[in-house]
Amino acid sequence: MTLRSWSLRFGFVLLILLTAVLSRPFDPDLGLPLFYQFRGAVDAPEQAIIVGLDKTGVDWLAFNADRLDQNAPDLAQCMGPENWPQLARSSNVEELPRAFLGCLIQLISNRGPGAIVTDIHFYGATDPENDRILEQAIAAAGNVILLEKVQANVPNGSALREKPAARFAQHAQAGFFVVEWRSGDTYRYVERQQDFPALPSIPRLTAQTMGVTPPPIEGLGQSFKNLWLYGPAGSVRTVPFIDFVTGDFAESLDGKVVFVGASNPKGVARRDDFETAWSSSRGGDIPGVELGATAFLNIMNGQSLVRLPFGLDVLVIVLAGLVQLAVAFSFSGFRGIVAVVALTIGYVALATGLFTLNGVWLPLTAVLFVFLPVGILISIIRGYLDTSAMLYRFLPKRIASALVREHARERTEALVTDATVMIIDLVGSTRLAGQLGEGEFNRQMTKFFNILNESVEAHSGMVLKYTGDGALALFDTSSSRMTHADRALDAAASIGQRLKVVSTGDTPLSVRIGVSSGRVAVGEIGADSRSSIDVLGNPANIAARLEELGREVSGAKYATILASEYTIELSDRWQRRSLSIGAKEIRGRDNALFGDRPVKPLWRIVWVVSYAALTA
């Protein structure tokens with residue numbers, strides 16, 4: 001294996017490795033949504049229910065603030081008439097008075113939930129009456145979990161922690177819930193804040209309150225946990241808070257955790273909803289309170305989204321890329337495309353199965369969006385190259401190159417041009433086949449055809465076709481190297497010289513060559529739907545007759561070369577090196593004209609300088 005081959009392989013592997021590293025950060029935004037789509041939405045467990053604070057409920061409260069005793073008697077009694085006007089001044093969730101939120105906690109507590117989690121910040125003080133009602137509700141419920149505000153440290157600063165007001169915190173537990181903020185989809189939350197390691201996250205704290213011990217947090221410092229989403233927004237059961245206010249919700253909440261928070265981004269001044277893998281289909285962004293409930297349900301039911309560690313993730317991408325692109329290089333054209341697509345489908349099916357059954361998140365972005373299109377492109381290029389290589393085997397390079405470049409789907413017209421045609425025939429091929437046997441005869445014929453093709457192409461000619469034990473070659477005006485007649489005669493003499501070199505034993509290889517010049521049509525010859533590359537015209541026919549005429553003259557040992565007078569007149573050099581055999585009758589060509597000259601004088605051509613070599 002050459003150094004260049006090793007360099008190409010190393011560069012190929014390095015490119016795949018680089019793709020693996022660079023594509024991994026895009027998996028949460030490109031790969032994960034596809035896995036969720038393949039899996040589909042699933043039913044969320046029923047241990048949690050969300051009481052959604054929304055704009056519709058706030059508007060209802062504002063409209064009915066002066067007649068709460070009629071439409072919401074329990075709320076009216078809890079708040080007291082002196083606090084009803086505050087509801088009329090509320091236009092969004094954040095403006096709801098604490099007295100109302102305390103009463104809502106009381107109404108929820110009456111249904112017997114296992115815990116009440118508030119996705120609302122209660123820090124500082126408002127007015128004594130509002131804070132009193134909220135404090136009494138929290139104390140009476142006895143199972144409220146409050147949200148503690150935590151902000152990660154900033155450059156040249158420290159982390160910030162804002163605890164709930166002491167009068168509320170003394171009657172409740174507190175935890176934090178922060179999803180990872182990033183420019184793309186949200187897929188995980190902070191499980192442990194490195195600046196406050198003793199502060200529990202709300203999902204863990206809530207699970208512990210319900211008697212479930214969460215798995216230990218691995219490692220030290222900041223820790224994240226992936227969210228196993230059940231579906232788009234609303235997948236965790238959400239009940240509008242107004243249903244508790246009006247008494248329309250009458251179910252028991254025994255054994256369930258109630259999460260209270262803004263469920264509609266239009267209802268809050270500061271948005272508390274997040275883009276996730278489900279945001280672009282069948283729903284909008286998921287509210288923060290629902291993400292908190294989802295995280296709690298994940299812990300309660302042992303559900304998790306497990307992403308491979310960085311090194312293992314990259315290794316899977318590299319192996320998938322190597323296999324996928326190796327298949328692309330192994331097959332070409334349509335077969336290659338089918339193989340690459342089938343392999344990709346197999347990988348996606350396996351990855352989706354692991355994702356659905358075990359929550360294992362395998363890399364998908366590089367496989368689908370890099371290796372698949374690159375593999376298809378490689379298969380197409382390989383098919384193009386293989387087709388080109390096949391054309392180069394069956395056609396002259398010049399014609400094959402033109403066909404590859406032009407991609408003509410329909411037959412093209414033959415080109416009419418001045419040229420010299422050469423007909424070559426091996427002498428005694430039948431006898432040689434009997435002497436050598438099939439295998440050895442095939443090897444000798446391959447060697448013979450190699451000599452013909454190399455000699456013709458060395459003199460800027462084209463072997464248009466092989467004719468059993470001979471060939472038809474053309475020398476046209478496309479080359480600036482001497483005239484087409486000069487090049488054809490030089491090629492004929494070269495064939496004789498090379499046959500002398502390779503001939504061994506008592507049966508030397510010998511040829512008869514007919515050479516004729518004039519105007520011909522060369523190109524696609526045949527039917528519209530099936531054609532081949534050939535040449536038509538008097539020169540081709542005359543060259544064939546000259547080759548036949550070679551049987552009647554005493555030929556040289558390795559090459560008997562006959563050319564028309566017109567061909568010799570086109571070459572000053574060969575006029576001095578040729579030997580006339582006089583006028584001969586050409587079968588089927590009585591008084592035929594070649595160009596503007598009668599076709600009668602014929603010549604036996606021998607390269608005088610190499611005469612001894614050709615006849616020895």
Side-chain angles (χ1 to χ4, degrees), residues 395-396 399 414 417-430 445 448-476 483-499 509-523 525 532-553 555-556 558-568 570-571 574 578 581 584-589 592 594-595 599-607 614:
L395 298 174
I399 295 176
T417 183
D418 289 325
T420 295
V421 179
M422 176 190 294
I423 301 291
I424 312 161
D425 187 61
L426 179 64
V427 177
S429 60
T430 303
M445 289 303 295
F448 168 67
F449 287 130
N450 283 336
I451 290 174
L452 299 189
N453 193 67
E454 291 167 4
S455 298
V456 169
E457 290 190 350
H459 294 86
S460 302
M462 299 180 291
V463 175
L464 294 184
K465 64 179 180 179
Y466 295 99
T467 55
D469 57 357
L472 184 153
L474 180 77
F475 298 81
D476 59 16
T483 66
H484 49 81
D486 277 318
R487 290 184 281 110
L489 295 171
D490 288 350
S494 174
I495 292 171
Q497 291 174 318
R498 294 194 59 181
L499 290 178
L509 296 177
S510 178
V511 292
R512 290 190 303 270
I513 300 177
V515 184
S516 182
S517 303
R519 203 154 186 79
V520 297
V522 60
I525 306 298
S532 61
I533 302 301
D534 208 338
V535 60
L536 294 179
N538 282 332
N541 298 326
I542 294 172
R545 299 294 182 259
L546 293 176
E547 181 274 316
E548 293 176 2
L549 191 60
R551 298 189 182 98
E552 302 178 12
V553 300
Y558 300 106
T560 298
I561 307 168
L562 298 181
S564 67
E565 180 186 22
Y566 183 58
T567 299
I568 297 301
L570 291 175
S571 171
W574 280 98
S578 59
I581 60 171
K584 295 289 184 180
E585 192 77 20
I586 295 180
R587 179 168 57 87
R589 288 289 159 179
F594 192 79
V599 184
K600 285 201 175 178
L602 301 175
W603 303 81
R604 176 172 181 242
I605 308 301
V606 179
W607 195 352
L614 292 174

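All of these numbers come straight from a predicted model, not from anything done at the bench.
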Q: First locate atom CG of Asp490, then atom NE2 of His459, and finally report the distance between them rounded to the nearest 0.5 Å.
A: 5.0 Å

Q: Considering non-hydrogen atoms only, spot the tightest contact between Ile423 and Ala544 and give its length.
A: CG1-N, 3.6 Å

Q.
Test your reading of the model: is there a side-chain donor-acceptor pair from Ser455 to the backbone of Ile451, 3.5 Å cut-off?
A. yes

Q) Of all heavy-atom pairs between Ser510 and Leu426, which one has the smallest distance, and what is that distance? A) O-CD1, 3.2 Å

Q | Side-chain heavy atoms of Asp425 within contact of Thr467, under 4.5 Å | A | no

Q.
Is the shortest side-chain heavy-atom distance between Asn541 and Leu536 below 4.5 Å?
A. no

(Q) Within the structure provided, determine whether Glu454 and Ile495 are in side-chain contact (heavy-atom separation under 4.5 Å). (A) no

Q. Heavy-atom distance under 4.5 Å between the side chains of Phe448 and Val511, does that happen here?
A. yes

Q) Is the shortest heavy-atom distance from the side chain of Leu472 to the side chain of Met422 under 4.5 Å? A) no

**Q.** Non-hydrogen atoms of Ala471 and Tyr466 that approach each other most closely
**A.** CB-CD2, 3.9 Å

Q: Would you please name every residue forming a salt bridge (charged side-chain N to carboxylate O under 4.0 Å, His left out) with Asp469, sequence neighbours left out?
A: none

Q) Atom OG1 in Thr417, atom CG in Leu474: separation rounded to 0.5 Å? A) 8.0 Å

Q.
Can you tell me how far apart CZ (Phe475) and CE (Met462) are? Round to the nearest 0.5 Å.
A. 9.5 Å

Q.
If I compare all heavy atoms of Leu464 with all of Asp534, which pair ends up nearest, and what's the gap?
A. CD1-C, 4.1 Å

Q | Arg487 side-chain N/O to Ser460 backbone N/O, donor-acceptor pair under 3.5 Å | A | yes

Q: Could you tell me whether Arg512 and Glu548 make a salt bridge, using a distance below 4.0 angstrom between a side-chain N and a carboxylate O?
A: no

Q. After noting the C-alpha distance and the side-chain angles of His484 and Asp476, does the key distance pass the side chain to side chain contact (heavy atoms under 4.5 Å, CB included) rule?
A. CA-CA 6 Å; His484 49 81; Asp476 59 16; 5.8 Å; no

Q: Please report the closest heavy-atom contact between Val520 and Pro539, naming both atoms and the distance.
A: CG1-CG, 3.6 Å

(Q) Just verifying a value: how many Å separate Ile424 CD1 and Glu547 CD, rounded to the nearest 0.5 Å? (A) 10.0 Å

Q | Gap between atom OG1 of Thr567 and atom CG of Leu562 - 0.5 Å precision | A | 11.0 Å

Q: Starting from the C-alpha separation in whole Å, work towards a yes-or-no answer on side chain to side chain contact (heavy atoms under 4.5 Å, CB included) for Val421 and Val515.
A: CA-CA 6 Å; Val421 179; Val515 184; over 6 Å; no

**Q.** Closest non-hydrogen atom pair between Ala493 and Trp574, with its separation
**A.** CB-CH2, 4.0 Å

Q) Rounded to the nearest 0.5 Å, what separation is found between the CG atom of Leu452 and the CD1 atom of Ile513? A) 7.5 Å

